[in-house]
Structure formats: structure tokens, C-alpha cells
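Quick note: numbers below take in every heavy atom, side chains included, and nothing from hydrogens, waters or symmetry partners. Indexing begins at 1, ligand by ligand and atom by atom, following the structure's order.
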Amino acid sequence: MSSTIAEKLNNVRQQITDFAEQREQFQHPVQLIAVSKTHPPQAITEAWQAGQRHFGENYAQEAVDKAQQLTHLDGICWHFIGPLQSNKTRPIAESMDWVHSVDREKIARRLNQQRPEGMPALNVLVQVNIDGDPNKSGLVADQIQPLLDFCQRAENLTLRGLMTILEGTDDEQAQHHSFKQMRELFERYQPQYENFDSLSMGMSGDMRQAILEGANMVRIGTAIFGKREYL
Ligand SMILES: *Cc1c(COP(=O)(O)O)cnc(C)c1O
């Protein structure tokens, strides 16, 4: 039995509410980013009709194409969450509202230079490789400060927080441990930066653990749109 995107979206929202209620320390609401990568504009339109406004995309060209095709969807907000090469920063700076995957100064500098005049500052998160696994992207925790400072100073960027991706483990204890380290890192830097309010962590497979450890942004694809054909 397959259910509609609207039904799956409602399930995910309900789960988010349930998990957020289970935690005692963190009272902040959890923002849902619907990760629409590889899914057609029609799927995004269906989710938008069901009230969803924040969408995440991974591939620069696809992200930009969809943003251009869907400008008629009022209030839609685009989050770029994938790896970003420096030759792709311009179209991203011109069409996205958020970038979650800033992991080096070169990328931050280009996004800042290329953000068009007249647009609001681009919201950015610094991506952290919280496990220190050399195969993963993101900066290891003790190397993020210079990049945070750079983003904070950049006129056309607004530093909003941190992002991480956990992959390659189904071990719930390990997931809890990594998400907790992320939250502690987030709390350590929060007092230093004015608009530092977003901790983006948790995907379809580890959303519960992320929310229980204090995530306030989750990026959910499969549980809303179903399996992807590629990647
Ligand atoms: C694909 C992707 C997601 C969503 O993953 P699901 O397992 O489909 O929920 C979240 N974050 C990033 C960075 C992704 O690439």
C-alpha cells in the first residue's frame, strides 16, 4: 500500500511532534526540511499544497532548475544541503535561501561575493564531520572556529548554525553519542554569534535520535517522497 505525499508528510510531522515532546531539556520547535532531490517538481508541488514550505536539494544544477521552475509556489524556501564545488557557487548564491554544507573558506567567500545585491543575506550552516571519519565531508570539530568567524563577518551571509550528516552506522548508541557531541558544540558557539540558532541533523533513518539529542532542523527525504531512483 503506498500512501500519498500528503499522508507521508503528516506522518513525519506527527513523529517530529512526538519525539520533540519526549525530550525535557529542549523546548525549541523542530523545523522540517523536505529533501526533494531526484524527485520531480510535481512531488514538490504536492508537498507544498500540503503546507510544506522548506525544501532541501543536493545537486547544484537540479536545485537551481527546480527553484526556477517553481517560483509560483508562494513562500517556498530552498535549502542547498549537498556537497558544493567552487565552480557551482554562483547559481547557488543566486537562487537558494540557505546553504547547509559550507565546509571551507573558499566556498564561503564565493557565496558572499556572488550573492546578488538586493537579495537578503544567504543563511549558512557550517558542516561538521563530528566523527572525524576521513571519508566524510565537513570540518572536524576543533577546526571550525575560523570558518565560523569568516561567515559571521561576511556581509552577504548570515551564520545560522551547524549541520552534520551521520552515515554508515545503524548503531543507535553511536548515533546518540555523535548527535550529543554536535549539540554540545552548537551550544558552545551559540553565545558568540548573534543569529546562531540552527542545528541541522537527522535524516529518515536517524531522525528520532537527532531530535532527542536537540536537533532543531531535520532533513527528511525518503520518509516523505519514497525511495530515490539514484543515489
Ligand atoms: C539525501 C539527504 C537527506 C535525506 O535523506 P533520507 O534518508 O532520504 O531522509 C538529508 N540530508 C542530506 C545531506 C542528504 O544528502
Side-chain angles (χ1 to χ4, degrees), residues 2-3 5-16 18-19 30-40 43-44 46-47 50 52-67 77-85 88-89 92 96-104 107 111 123-131 133 135-139 160-172 174-175 178-179 182-183 186 198-231:
S2 65
S3 39
I5 287 174
E7 287 165 344
K8 285 184 280 200
L9 197 50
N10 276 334
N11 278 337
V12 169
R13 287 182 184 140
Q14 188 57 55
Q15 285 178 334
I16 290 174
D18 292 346
F19 299 147
V30 179
Q31 169 95 258
L32 170 61
I33 316 295
V35 179
S36 45
K37 64 183 182 209
T38 81
H39 296 287
I44 297 172
E46 273 182 62
Q52 181 64 27
R53 292 295 177 269
H54 292 262
F55 292 89
E57 288 284 340
N58 266 64
Y59 308 102
Q61 192 58 51
E62 183 182 344
V64 170
D65 289 347
K66 284 176 173 170
C77 184
W78 293 103
H79 297 246
F80 188 76
I81 62 175
L84 189 49
Q85 290 158 356
K88 298 281 174 53
T89 49
I92 292 297
M96 296 286 114
D97 301 291
W98 289 70
V99 175
H100 291 221
S101 44
V102 175
D103 62 355
R104 55 199 191 276
I107 295 291
L111 290 171
N123 297 295
V124 296
L125 304 178
V126 166
Q127 183 172 352
V128 181
N129 176 359
I130 196 65
D131 306 317
D133 178 337
N135 299 317
K136 291 186 187 167
S137 47
L139 279 171
R160 298 296 297 269
L162 303 177
M163 178 271 226
T164 198
I165 307 172
L166 299 191
E167 298 173 295
T169 178
D170 294 329
D171 178 347
E172 282 199 23
Q175 291 168 346
S178 299
F179 287 140
M182 271 304 284
R183 193 237 311 147
F186 176 71
S198 302
L199 179 55
S200 168
M201 59 187 195
M203 315 187 357
S204 296
D206 55 18
M207 176 175 91
R208 176 174 177 279
Q209 295 82 315
I211 293 174
L212 291 179
E213 295 298 348
N216 62 14
M217 258 189 186
V218 291
R219 309 175 308 268
I220 307 299
T222 311
I224 296 170
F225 295 108
K227 277 214 169 73
R228 289 179 287 273
E229 298 288 318
Y230 59 99
L231 197 100

For this session: Please determine if Gly221 has a nitrogen or oxygen closer than 3.5 Å to a nitrogen or oxygen of ligand 1.
Result: yes

For this session: Please confirm whether the backbone N or O of Ser200 pairs with a side-chain atom of Arg219, one donor and one acceptor, at under 3.5 Å?
Result: yes

Exercise. Taking atom types as modelled, is there a side-chain donor on Asn10 or Gln14 under 3.5 Å from an acceptor on the other?
Worked result: no

State the atoms of ligand 1, each with its element, that fall below the 4.0 Å cut-off from a heavy-atom position in [X].
X: Arg219; result: 4 (C), 9 (O), 10 (C), 11 (N), 12 (C), 13 (C)
X: Lys37; result: 1 (C), 2 (C), 3 (C), 14 (C), 15 (O)
X: Ile165; result: 13 (C)
X: Ile81; result: 11 (N), 12 (C), 13 (C), 14 (C)
X: Ser204; result: 6 (P), 7 (O), 8 (O), 9 (O)
X: Thr222; result: 6 (P), 7 (O), 8 (O), 9 (O)
X: Ile220; result: 9 (O)

Exercise. Can you name the side chain to side chain donor-acceptor pair (under 3.5 Å) partners of Glu46, sequence neighbours left out?
Worked result: none

Seminar exercise, completed: Residues at least two apart in sequence or cross-chain that pass side chain to side chain donor-acceptor pair (under 3.5 Å) with Asp103, listed by chain then number, are none

For this session: Would you please test Ser101 and Ile81 for side chain to side chain contact (heavy atoms under 4.5 Å, CB included) and show each step?
Result: CA-CA 6 Å; Ser101 44; Ile81 62 175; 5.7 Å; no

Exercise. Can Arg228 be said to touch ligand 1, with heavy atoms closer than 4.0 Å?
Worked result: yes

Problem set entry | Validation row: Met182, Glu213 side chains within 4.5 angstrom (heavy atoms) | no

Exercise. Do the ring planes of His100 and His79 sit parallel (below 30°), tilted (30 to 60°) or perpendicular (above 60°)?
Worked result: perpendicular

